[in-house]
Visitor: 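I have a structure I would like to understand better, so I am pasting it below and will then ask my questions one at a time.
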Amino acid sequence: QVQLVESGGGLVQPGGSLRLSCAASGSIFSINAMGWYRQAPGKQRELVADITSGGSTNYVDSVKGRFTISRDNAKNTVYLQMNSLKQEDTAVYYCNAEVVRIGVGVSGYWGQGTQVTVSS
């Protein structure tokens, strides 16, 4: 089995910064894309940013220039550095990973979510 454990959420004032981490563990052969999603109350879950195993990145327009996604392939970990946070960034943030398991193939896994609240 595979587990994704997130950390780094919390309460921050507008304009502040947070860094989210998500570590994957278990019977992992390799990981393709990894990404961060968020879901605000009453809204659908949306992709915030993702990154391929080769390091290519993609961001939703609303976070471009403020958020940076990165990964450490040796540690099976993905990060999301969030700067210049706004109240509209408030949401539960989830990480996702496309994991390759020997004998199983490719499957998507989700973390449990971490709350990010931006408020003065």
Visitor: Decide whether V106 and I102 are clustered together by the hydrophobic rule: side chain heavy atoms of Ile, Leu, Val, Met, Phe, Trp, Tyr closer than 4.5 Å, transitively.
Guide: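 Looking at the clustering, I102 is in the same group as V106.
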Visitor: So which pairs with a foot in residues 44-85 pass disulfide bond (SG atoms under 2.5 Å apart), sequence neighbours left out?
Guide: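 The answer is none; no pair qualifies.
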Visitor: Is Q112 reaching over with its side chain to a backbone N or O of V5, donor-acceptor style, under 3.5 angstrom?
Guide: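 Absent.
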Visitor: What's the shortest heavy-atom distance between S27 and V2, and which atoms?
Guide: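 Heavy-atom minimum between the residues: O-CG2, 4.3 Å.
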Visitor: Start with the C-alpha gap between V92 and T114, add the side-chain angles, then the distance that decides, and say whether side chain to side chain contact (heavy atoms under 4.5 Å, CB included) holds.
Guide: CA-CA 5 Å; V92 178; T114 185; 6.0 Å; no
Visitor: Donor-acceptor pairs under 3.5 angstrom involving side-chain atoms of residues 39-49: please list them, not counting sequence neighbours.
Guide:
| residue | atom | partner | partner atom | Å |
| --- | --- | --- | --- | --- |
| Q39 | NE2 | K43 | O | 3.2 |
| E46 | OE2 | R38 | NE | 2.7 |
| E46 | OE2 | R38 | NH2 | 3.2 |

Visitor: Quick one: side chain to side chain contact (heavy atoms under 4.5 Å, CB included) partners of S107, sequence neighbours excluded?
Guide: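 Scan of S107 (side chain to side chain contact (heavy atoms under 4.5 Å, CB included), adjacent residues dropped) gives V104, Y109.
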Visitor: Tell me, which pairs form a disulfide bond (SG atoms under 2.5 Å apart) where one or both residues lie in residues 43-94, sequence neighbours left out?
Guide: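 Residue pairs with at least one partner in residues 43-94: there are none.
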Visitor: Taking a hydrophobic cluster as the set of Ile, Leu, Val, Met, Phe, Trp and Tyr residues connected by side-chain heavy atoms closer than 4.5 Å, whether directly or through intermediates, do Y37 and V99 fall within one such cluster?
Guide: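 No, Y37 and V99 fall in different hydrophobic clusters.
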Visitor: Please enumerate all residues that pass side chain to side chain contact (heavy atoms under 4.5 Å, CB included) together with S119, with sequence neighbours excluded.
Guide: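 Scan of S119 (side chain to side chain contact (heavy atoms under 4.5 Å, CB included), adjacent residues dropped) gives L11, T117.
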Visitor: Would you give the length of the straight line joining atom SG of C22 to atom OH of Y93, rounded to the nearest 0.5 angstrom?
Guide: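 Output value for this atom pair is 15.0 Å.
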Visitor: What distance do T57 atom OG1 and M34 atom CE have between them, rounded to the nearest 0.5 Å?
Guide: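 So the gap between those two atoms works out to 14.5 Å.
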Visitor: Please check: side-chain N/O of R71 versus main-chain N/O of I51, any donor-acceptor pairing under 3.5 Å?
Guide: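 Judged by distance alone, yes, a pair lies under 3.5 Å.
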Visitor: If you measure only the distance, is there a donor-acceptor pair under 3.5 Å linking the side chains of R66 and S84?
Guide: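 Judged by distance alone, the side chains do not pair up.
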Visitor: Is V60 linked to L85 within one hydrophobic cluster, defined over Ile, Leu, Val, Met, Phe, Trp and Tyr using a side-chain heavy-atom separation of less than 4.5 Å?
Guide: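 Yes; tracing contacts between hydrophobic side chains, which count when under 4.5 Å, links both residues.
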Visitor: Please report the shortest heavy-atom distance between C95 and V78, naming the atom on each side.
Guide: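 For C95 versus V78, the nearest heavy atoms are CB-CG1, 4.5 Å.
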Visitor: Looking only at non-hydrogen atoms, find the nearest pair between I31 and A97 and report the distance.
Guide: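 Scanning both residues, the minimum pair turns out to be CG2-CB, 4.0 Å.
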Visitor: Which of these passes side-chain contact (heavy atoms from CB on, under 4.5 Å) with M82: T68, D89, L18?
Guide: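 Single side-chain contact (heavy atoms from CB on, under 4.5 Å) partner of M82 among T68, D89, L18: L18.
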Visitor: Determine whether a donor-acceptor pair (N or O, by modelled atom type, separation under 3.5 Å) exists between the side chain of T90 and the backbone of V118.
Guide: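 Flag set: sc T90 to bb V118 pair under 3.5 Å.
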Visitor: What pairs with E88 under side chain to side chain contact (heavy atoms under 4.5 Å, CB included), at least two apart in sequence or on another chain?
Guide: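 Partners of E88 by the side chain to side chain contact (heavy atoms under 4.5 Å, CB included) criterion, ordered by chain and then number, come out as K86.
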Visitor: Please report the interatomic distance CD(E6) to CG(L80), rounded to the nearest 0.5 Å.
Guide: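 Reported value, rounded in 0.5 Å steps: 11.0 Å.
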Visitor: Please confirm whether the ring centroid of F67 lies under 6.0 Å from the ring centroid of W36.
Guide: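 No - the distance between ring centres of F67 and W36 does not fall below the 6.0 Å cut-off.
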Visitor: For V100, is there any backbone N or O sitting under 3.5 Å from a side-chain donor or acceptor partner on N32?
Guide: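 A pair under 3.5 Å: no.
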Visitor: Between Q81 (side chain only) and R19 (backbone N and O only), is there a donor and an acceptor less than 3.5 Å apart?
Guide: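 No, because the side chain of Q81 does not come within donor-acceptor range (under 3.5 Å) of the backbone of R19.
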Visitor: Any donor-acceptor pair under 3.5 Å linking the side chain of Y59 with the backbone of I69?
Guide: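 Side chain of Y59 to backbone of I69, a donor-acceptor pair under 3.5 Å: yes, one is there.
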Visitor: State whether a side-chain donor-acceptor pair under 3.5 Å links S17 with N83.
Guide: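 Yes, N83 and S17 have a side-chain donor paired with an acceptor closer than 3.5 Å.
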